[in-house]
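One structure is given below, encoded as structure tokens.
One-based numbering along the sequence shown.
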Amino acid sequence: MSKQLFFLISMCLMVQLALAQNPTTTTPPAPATGPSTVPPPPVSNDSVLVTIILKHQQDKSLPEIRRVLEAQGFWDMFPPPEARVVSWTIAMGLGHVIILQVPLGVVRRLNLALENGAWGAFDTEIYMTYDYRPIWYDYVQRRQDAKDDRD
């Protein structure tokens, strides 16, 4: 069940990223050989995408969670001012699913903000991620072009 939920959330995040970003330019058609293993150029030379899952601690009510967050100053330190919020979703039964674009020099501060502010209210999961949409889009285009050439 949790794998299915994780898959569903992952798919929702990919759709949100697709809607949040403009399509990139595509390369000339090439034979369809599968998705590229070459990573797309980064959004910025000095930033990464970070997916954060803040799971509500089930032994606490929402007012208790809010009290913990306020007492620890969570909202004053998260997200760091240099971070760009790409997506922030509430997944019922799970909690917050947040995608941030973070300059590399801010990753430590992001980690400390979660450790100092979120622990005690949320169970945290953090994943370095990348935008797969340009790779997928390029593959679909090349695949369609190859199919059109065969017809």
Side-chain angles (χ1 to χ4, degrees), residues 1-27 32-144:
M1 177 67 176
S2 67
K3 286 184 181 181
Q4 291 171 338
L5 180 61
F6 184 75
F7 176 75
L8 179 63
I9 291 170
S10 298
M11 294 305 294
C12 290
L13 292 174
M14 284 193 291
V15 169
Q16 287 180 346
L17 279 174
L19 294 174
Q21 298 180 354
N22 294 327
T24 59
T25 58
T26 58
T27 55
T33 58
S36 172
T37 57
V38 177
V43 177
S44 168
N45 289 339
D46 65 343
S47 68
V48 292
L49 288 176
V50 181
T51 299
I52 302 165
I53 300 174
L54 302 177
K55 296 180 181 179
H56 295 114
Q57 290 189 348
Q58 298 296 312
D59 64 336
K60 292 181 178 65
S61 67
L62 192 52
E64 290 173 313
I65 290 172
R66 287 183 179 143
R67 277 193 294 278
V68 170
L69 294 174
E70 288 299 328
Q72 296 176 162
F74 177 71
W75 298 113
D76 295 329
M77 61 181 111
F78 185 86
E82 302 88 350
R84 181 176 73 91
V85 177
V86 175
S87 172
W88 194 317
T89 305
I90 299 291
M92 293 189 323
L94 180 63
H96 300 257
V97 180
I98 307 159
I99 301 174
L100 301 176
Q101 180 182 4
V102 182
L104 292 175
V106 178
V107 171
R108 180 177 180 273
R109 192 166 345 128
L110 171 65
N111 183 55
L112 289 172
L114 292 169
E115 288 177 351
N116 292 323
W119 288 7
F122 297 112
D123 294 325
T124 60
E125 294 182 26
I126 304 169
Y127 304 96
M128 292 295 180
T129 55
Y130 63 94
D131 183 9
Y132 186 72
R133 184 179 178 272
I135 298 167
W136 165 80
Y137 184 78
D138 181 57
Y139 173 67
V140 169
Q141 288 297 117
R142 288 185 294 122
R143 187 172 180 267
Q144 184 61 44

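Between Val68 and Gln57, the closest side-chain pair of non-hydrogen atoms is not below 4.5 Å. At least one side-chain heavy atom of Leu112 sits less than 4.5 Å from a side-chain heavy atom of Glu115. Counting heavy atoms from C-beta outward, Val85 and Leu100 have side chains that approach closer than 4.5 Å. Using a 4.5 Å cut-off on side-chain heavy atoms (C-beta onward), Val50 and Met128 make contact. In this structure the side chain of Phe122 never reaches within 4.5 angstrom of the side chain of Ile52, judged on heavy atoms. Contact check for Phe78 versus Leu69: no side-chain heavy atoms found under the 4.5 Å cut-off. Between His96 and Ile90 the shortest side-chain heavy-atom distance falls below 4.5 Å.
Within the 3.5 Å criterion, the main-chain N or O of Lys55 finds no donor-acceptor partner in the side chain of Glu125. In this structure a side-chain-to-backbone donor-acceptor pair under 3.5 Å is present from Lys60 to Gly120.
Atoms CZ and OG, on Arg66 and Ser61 in that order, are 9.5 Å from each other to the nearest 0.5 Å. Interatomic distance, Ile65 CD1 to Gln58 CD, rounded to the nearest 0.5 Å: 8.0 Å. Taken to the nearest 0.5 Å, the CZ atom of Arg143 stands 13.5 Å off from the CG atom of Asp138. Residue Arg109 holds its CZ atom at 13.0 Å from CG of Asn116, rounded to the nearest 0.5 Å. The structure places OG of Ser47 at 7.0 Å from CG of Leu104, a figure rounded to the nearest 0.5 Å. Rounding to the nearest 0.5 angstrom, the gap separating the CZ atom in Phe74 from the CG atom in Leu114 is 6.0 Å.
Listed here is the closest heavy atom pair of Pro79 and Trp88: CD-CZ3, 4.2 Å. Between Pro134 and Asp131, the closest heavy-atom pair is CD-O, 3.4 Å. Closest of all the heavy-atom pairs between Met77 and Gln72 is CE-O, 3.1 Å.
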